[in-house]
2 protein chains.
Amino acid sequence: MALRFITAEEAAEFVHHNDNVGFSGFTPAGNPKVVPAAIAKRAIAEHEKGNPFKIGMFTGASTGARLDGVLAQADAVKFRTPYQSNKDLRNLINNGSTSYFDLHLSTLAQDLRYGFYGKVDVAIIEVADVTEDGKILPTTGVGILPTICRLADRIIVELNDKHPKEIMGMHDLCEPLDPPARRELPVYTPSDRIGKPYVQVDPAKIVGVVRTSEPNDESDFAPLDPVTQAIGDNVAAFLVSEMKAGRIPKDFLPLQSGVGNVANAVLGALGDNPDIPAFNMYTEVIQDAVIALMKKGRIKFASGCSLSVSRSVIQDIYANLDFFKDKILLRPQEYSNNPEIVRRLGVITINTALEADIFGNINSTHVSGTRMMNGIGGSGDFTRNSYVSIFTTPSVMKDGKISSFVPMVAHHDHSEHSVKVIISEWGVADLRGKNPRERAHEIIDKCVHPDYRSLLRQYLELGVKGQTPQNLDCCFAFHQELAKSGDMRNVRWEDYMK
Amino acid sequence: MALRFITAEEAAEFVHHNDNVGFSGFTPAGNPKVVPAAIAKRAIAEHEKGNPFKIGMFTGASTGARLDGVLAQADAVKFRTPYQSNKDLRNLINNGSTSYFDLHLSTLAQDLRYGFYGKVDVAIIEVADVTEDGKILPTTGVGILPTICRLADRIIVELNDKHPKEIMGMHDLCEPLDPPARRELPVYTPSDRIGKPYVQVDPAKIVGVVRTSEPNDESDFAPLDPVTQAIGDNVAAFLVSEMKAGRIPKDFLPLQSGVGNVANAVLGALGDNPDIPAFNMYTEVIQDAVIALMKKGRIKFASGCSLSVSRSVIQDIYANLDFFKDKILLRPQEYSNNPEIVRRLGVITINTALEADIFGNINSTHVSGTRMMNGIGGSGDFTRNSYVSIFTTPSVMKDGKISSFVPMVAHHDHSEHSVKVIISEWGVADLRGKNPRERAHEIIDKCVHPDYRSLLRQYLELGVKGQTPQNLDCCFAFHQELAKSGDMRNVRWEDYMK
């Protein structure tokens with residue numbers, strides 16, 4: 001069947017009000033870039049005519065300005081899952097205009113197949129190649145692409161010539177069978193391939209192909225500062241000490257690392273540390289720092305769901321495909337984040353906390369317990385199934401007015417049962433085998449900023465009995481004080497005791 | 001090597017102050033029963049002489065009066081993990097005399113192998129048979145038996161003649177390799193066997209065998225009341241409606257069910273419902289209700305870690321081994337609770353909440369956020385990896401003075417990301433695909449006791465913006481009011497607004 005080449009505007013006509021639309025990609029990598037703008041224009045035109053026009057959106061993770069951004073600005077988003085990080089969309093979510101449900105990323109594809117979120121009407125995907133018989137070659141972010149292509153009634157393809165067809169072989173693409181027929185996911189080392197380098201779709205469902213030439217949006221990274229550098233050094237020192245104590249195998253274990261500046265600092269420190277052997281990544285997002293360490297021979301292989309790198313780095317990779325092609329593998333998030341594989345491989349997981357409490361619980365999602373930041377993402381998939389789970393955070397924010405360590409986190413995303421190690425620029429709190437009071441002292445002594453240590457020790461001495469000495473009158477005093485005076489250091493416990 | 005038969009008192013001499021001791025068993029099934037009493041006596045005698053005597057305790061889960069109870073009464077417990085339910089031990093934990101760390105049950109054995117909690121000095125195990133060449137046949141609860149036998153320096157065996165040697169074949173016993181050498185755990189249906197019917201230990205480590213004839217402690221179950229019956233009926237009706245909607249396969253899926261009266265009611269209702277086909281269990285604890293349904297042909301097979309049934313039921317099983325032997329399989333908890341297997345099989349999980357909040361978070365462990373009840377047990381292993389996760393709870397306790405549904409749970413064990421359905425005697429709240437405000441209305445409308453519905457609706461209208469409208473001034477008002485006036489119905493929000 002010959003491919004039908006159409007414009008973005010023509011493609012947008014295949015998307016109707018109230019449709020559930022699945023998009024390829026994961027982070028601002030691999031998502032479609034021109035059809036969403038055309039859908040947004042259509043929504044604005046319909047709204048001007050007084051007609052409703054909103055769609056439900058399933059994606060891999062966050063996307064970028066040219067997907068979440070344009071559709072949010074057009075107020076065209078009925079609901080959104082499983083993760084987002086766009087400013088405009090976040091505002092719609094927090095003011096109640098858009099419904100958002102926040103999911104563990106590994107579960108979305110199977111939940112769609114199980115029928116929990118309704119049908120997928122349209123899949124809109126970015127590809128490096130598409131053939132007349134329906135062979136799809138994704139670009140730099142896979143996400144839920146195989147599942148939405150199979151479930152959707154209609155598929156719209158963006159064929160993006162920024163990605164050479166020669167990347168064929170950098171993906172490992174498959175879908176598991178559903179229970180009771182599911183078998184093992186036979187990945188035993190990060191480089192194992194268990195699927196195909198392309199996705200086979202029903203060519204009759206491809207309603208059109210839109211040619212594009214659009215690079216991925218870039219993420220902004222701040223340069224390393226002394227705090228992020230110290231966090232990175234502390235992570236490296238902890239892992240070296242675990243190896244020396246025989247608690248991590250001498251050959252090391254695969255790493256998962258979250259996204260952002262702290263993650264870049266951690267990778268840099270691991271790469272620079274001569275006591276850590278060259279290692280593998282089994283992660284979600286492959287960042288610039290991974291590619292730099294690969295070129296130095298410090299990272300041997302990286303399996304992920306997304307190659308989310310700057311434009312100069314992607315150009316470097318494409319110019320040196322011979323070097324990179326057997327060192328990078330992109331998988332659907334159902335595999336990159338899968339509990340079975342993460343636990344089997346013994347992945348050491350390193351994620352960033354928005355806020356931690358002194359008993360070892362982590363807030364990854366809600367500012368002050370109410371305002372959604374991004375979502376839990378893959379942090380739960382990896383943390384719960386890790387060999388050893390690490391959370392990192394600077395000890396304070398906003399010139400010290402906000403402590404990242406509080407008596408009780410205002411939203412709980414990871415519980416004390418799954419959080420094993422917390423690391424700030426001050427040091428390493430090893431929570432394994434400790435009860436809640438012992439954990440509190442460990443965290444205060446090792447991670448909390450000195451300005452807050454005595455305040456938090458006083459909290460433990462408020463006289464509450466029991467396994468976990470939480471005082472329900474005072475446990476949010478830090479948050480309440482911040483709202484009142486703008487500085488958590490102003491807390492006086494007697495003001496909060498009932 | 002000939003087995004050395006010794007007394008319990010002689011066995012206790014092999015256990016020293018500060019030893020870390022691993023015990024077989026899971027619930028009051030399969031744990032040793034006479035050596036712990038002898039250790040407790042020794043501890044008391046040493047304490048009377050002014051000498052310290054405390055041990056660290058690793059078990060499968062809870063045990064019973066003759067293990068946790070006697071050692072707690074002797075103040076002989078230095079630390080305890082991963083779960084407990086004994087009154088005396090709970091008091092020691094909550095008054096700070098014993099250190100307790102609460103773990104996901106599937107992780108303990110691997111964490112011990114990884115060296116996270118120190119060495120295992122002694123393993124004390126109950127067996128139905130032991131041979132001179134070190135073949136061990138466990139009794140009715142496996143727990144962490146294979147791992148502690150391999151890691152320990154010394155093994156003490158209680159050979160209990162209440163369990164016939166003919167139960168050989170009712171266990172599937174193995175240990176996975178550790179990363180990076182681990183392979184898949186090849187269980188594809190609850191009845192699959194992947195190990196041996198016995199555990200091979202190094203016979204040189206068996207320091208002695210103590211003959212016993214002690215039945216397991218029995219759990220008390222209250223008779224069904226209208227509330228638990230209604231919860232059971234609501235669970236059955238929900239699962240039938242999911243089958244009819246095509247969201248659960250027609251052949252059904254394996255079930256996991258927690259322990260206790262509500263769990264018995266749920267199983268009874270599922271068994272009685274003609275629209276639910278005969279099904280399999282992939283669970284932790286096999287209770288009386290499972291055996292009753294097996295005899296009726298309603299349960300085809302049950303895989304668990306523990307056969308925790310009343311004395312009349314265990315006698316019935318042992319008198320009819322031909323019938324039961326190919327229908328029951330006991331595994332180590334690393335397999336019964338394993339995320340890989342639970343997710344692959346598509347287990348429908350049903351666990352009991354201590355407290356739920358209107359946004360879909362669950363407290364399974366801490367009364368009023370401070371006092372440890374039992375522990376998280378296997379509820380996290382199953383819930384997070386379920387096909388669909390269900391939590392059940394009566395809507396109120398203490399004649400209506402306590403609502404099980406509150407604005408914010410006082411301790412978070414399962415987050416909104418993992419909790420899919422909540423069921424009380426009033427109805428079924430289906431949280432899938434709903435944002436936090438929608439979840440709150442669903443829970444209030446369907447599950448909350450009518451006495452509390454308007455109070456909780458008022459909470460949502462306190463004016464808080466954002467994805468999750470938690471008011472940090474008022475979110476624990478229910479708990480604070482209970483402490484003050486003894487009745488959560490007395491909450492007036494204006495008293496709590498700052």
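Because the structure is predicted, anything quoted here is derived from the model rather than measured. Here is how names work: the chains are called A, B, and so on, in the same order as the sequence lines, proteins then strands, and each is numbered from 1.
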Point to revise | Heavy-atom contact with chain A under 4.5 Å, split by part of P180(B) | key: both

Revision key, fill the gap. Cut-off 4.5 Å, heavy atoms of chain A, and the answer for T107(B) is both

Check your understanding: Non-hydrogen atoms of chain B under 4.5 Å away: do they reach the side chain of N95(A), the backbone, both or neither?
Key -> neither

**Study point:** Portion of K420(B) that has a non-hydrogen atom of chain A nearer than 4.5 angstrom
**Key:** side chain

Check your understanding: Aromatic rings F476(B) and F476(A): how do their planes relate, parallel, tilted or perpendicular, breaks at 30° and 60°?
Key -> parallel

**Study point:** Contact origin within N338(A) toward chain B - heavy atom pairs under 4.5 Å
**Key:** side chain

Point to revise | Within-4.5 Å side-chain heavy-atom neighbours: N280(A) and S191(A) | key: no

Study note, to complete from the structure: Whatever's closer than 4.5 Å to a heavy atom in chain A on Y100(B) counts as both

Point to revise | Interface residue of largest heavy-atom contact number with chain A, from R182(B), R432(B), R183(B), under 4.5 Å | key: R183(B)

Review point. Using non-hydrogen atoms only, which part of S99(B) is less than 4.5 Å away from chain A: side chain, backbone, both, or neither?
Key: both

Exercise for review: Among M372(B), R371(B), Q470(B), R247(B), single out the residue with the greatest number of heavy-atom pairs under 4.5 Å to chain A.
Suggested key: R247(B)

Exercise for review: Let me know if H417(B) has heavy atoms under 4.5 Å from chain A in its side chain, its backbone, both or neither.
Suggested key: both

Point to revise | Part of T189(A) within contact of chain B (heavy atom distance under 4.5 Å) | key: neither

Check your understanding: Taking all non-hydrogen atoms of both residues, which atom of N94(A) and which atom of T370(A) are closest, and how far apart?
Key -> OD1-O, 4.1 Å

Revision key, fill the gap. Residue from E438(B), K465(B), H411(B) scoring the most non-hydrogen pairs under 4.5 Å with chain A is H411(B)

Exercise for review: Using non-hydrogen atoms and a 4.5 Å limit, figure out which bit of L253(B) sits close to chain A: side chain, backbone, both or neither.
Suggested key: side chain

Check your understanding: Hey, is NZ on K119(A) packed in by over 12 heavy atoms from elsewhere, all under 6.0 Å?
Key -> yes

Practice item. Sort D430(B) into side chain, backbone, both or neither according to what part of it lies under 4.5 angstrom from a heavy atom of chain A. Key: neither

Point to revise | Residue N385(B) versus chain A: region with a heavy atom under 4.5 Å | key: side chain

Revision key, fill the gap. So, the part of E184(B) with a heavy atom under 4.5 Å from chain A: the answer is both

**Study point:** Atom group of F79(A) that falls short of 4.5 Å from chain B, counting heavy atoms
**Key:** neither

